[in-house]
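Step one of this worksheet: look at the structure below.
Along the sequence shown, the residues carry numbers beginning at 1. As the structure lists them, so they are numbered: ligands from 1, and atoms in each ligand from 1.
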Amino acid sequence: MSQKMKIVAAKEAIKSVKNNMNLGLGTGSTVDEFLKLLSFEIKNGLNIFGVVTSEKTRLISEDLGIPLTSLKNVKSLDLTVDGADEIDPSLSLIKGGGGALLREKIIAYNSKKLIIIADKTKLVSKLGDFTLPIEVSPYEHEVTSLKIMDKLEEIGYGGSIKLRFNGVNPFITDGGNFIYDLSIGLIGEPYIIEQLLNSIPGVFENGLFINLTNKVIIGEDNQAQVIEK
Ligand code: 5RP
């Protein structure tokens, strides 16, 4: 996605931010553009509080002077703006390319509205070309990954699963967990897969976001395409 398209999407999303809102702040390079615009509005008098979905977003937000709070202080959020790795026609998503899926899902779940900003390469007719990130406990994680494949096989899905690495060491999430990236081809039944994965002990969350998104903003060269539910 070109930088320009990210900025176009972020500019459209900033129009939904109103004074005195509590905002969920997503993670990723597209959200980074939104954070820059948000910081500009705050310097011009906008009053908001943000709740971050990752330590990376916390650092960037603090640097940009965005006032932060935590979910327990505000109970729920008026709006969350986040990115995505894949978006299907029903606005179901695969997220977690950046490894922040657990915190992102907690924030999306506790938000009155979720706006996703992305470029048009993220639009797909069916989810599953992008590997599905799954956040698991490091404890006996190899067995958890085998169990994931067993359970999927029981409902007719085959494929492969790989522990995510950061150089020579496993990638560690902000919560201290591991990520497995799952390839099972196109996902015909995202809701069933989401529930099945989360029912396995050792799995904390997976990157399927179903029925959480209200609006998708697709950045194009000079304009934004808005898809609403
Ligand atoms: C992080 C995410 C990101 O929102 C997703 O990977 C999209 O990132 P980008 O805007 O850099 O393409 O889910 O966990």
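The closest approach between any non-hydrogen atom of Gly26 and ligand 1 is not below 4.0 Å.
Residue Asp85 has at least one heavy-atom neighbour below 4.0 Å for each of these atoms of ligand 1: 5 (C), 6 (O), 7 (C), 13 (O). Taking every non-hydrogen atom of Gly97 and a distance limit under 4.0 Å, the qualifying atoms of ligand 1 come out as 6 (O), 13 (O), 14 (O). Heavy-atom proximity to Gly83, at under 4.0 Å, picks out these atoms of ligand 1: 4 (O). With ligand atoms numbered from 1 in the order given, ligand 1 contributes 14 (O) to contacts under 4.0 Å with heavy atoms of Gly99. For ligand 1, the atoms sitting less than 4.0 Å from at least one non-hydrogen atom of Gly96 are 2 (C), 13 (O), 14 (O), numbered in the order shown with element in parentheses. Ligand 1 places these atoms under 4.0 Å from at least one heavy atom of Thr30: 9 (P), 10 (O).
Of all the heavy atoms in Glu33 and Lys36, the pair that sits closest is OE2-NZ, 3.1 Å. Lys215 approaches Lys113 most closely through the heavy-atom pair CE-NZ, 4.2 Å. Here the shortest heavy-atom pairing between Leu127 and Glu86 reads CA-OE1, 3.3 Å. In this structure, Leu152 and Leu197 approach most closely via the heavy-atom pair CD1-CD2, 4.4 Å. Of all non-hydrogen atoms in Pro89 and Val124, the two that sit nearest each other are CD-O, 3.3 Å. When all heavy atoms of Ile115 and Ala13 are compared, the closest pair comes out as CG2-CB, 4.5 Å.
Checking Glu135, Glu104, Lys122, Arg103 against atom 14 (O) of ligand 1, the nearest heavy atom belongs to Glu104.
With a 4.0 Å heavy-atom cut-off, ligand 1 is reached by the side chain of Asp82 but not by its N, CA, C or O. Contacts of Ala84 with ligand 1, taken as heavy-atom pairs under 4.0 Å, involve the backbone alone.
The only member of Asp82, Thr27, Thr53, Asp85 that meets side-chain hydrogen bond (donor to acceptor under 3.5 Å, both in side chains) when paired with Lys95 is Asp82.
Residue Val31 has no N or O atom closer than 3.5 Å to an N or O atom of ligand 1. Residue Ala100 has at least one N or O atom closer than 3.5 Å to an N or O atom of ligand 1.
Under a cutoff of 6.0 Å and an axis angle of 45°, Lys162 and Tyr180 do not form a cation-pi pair.
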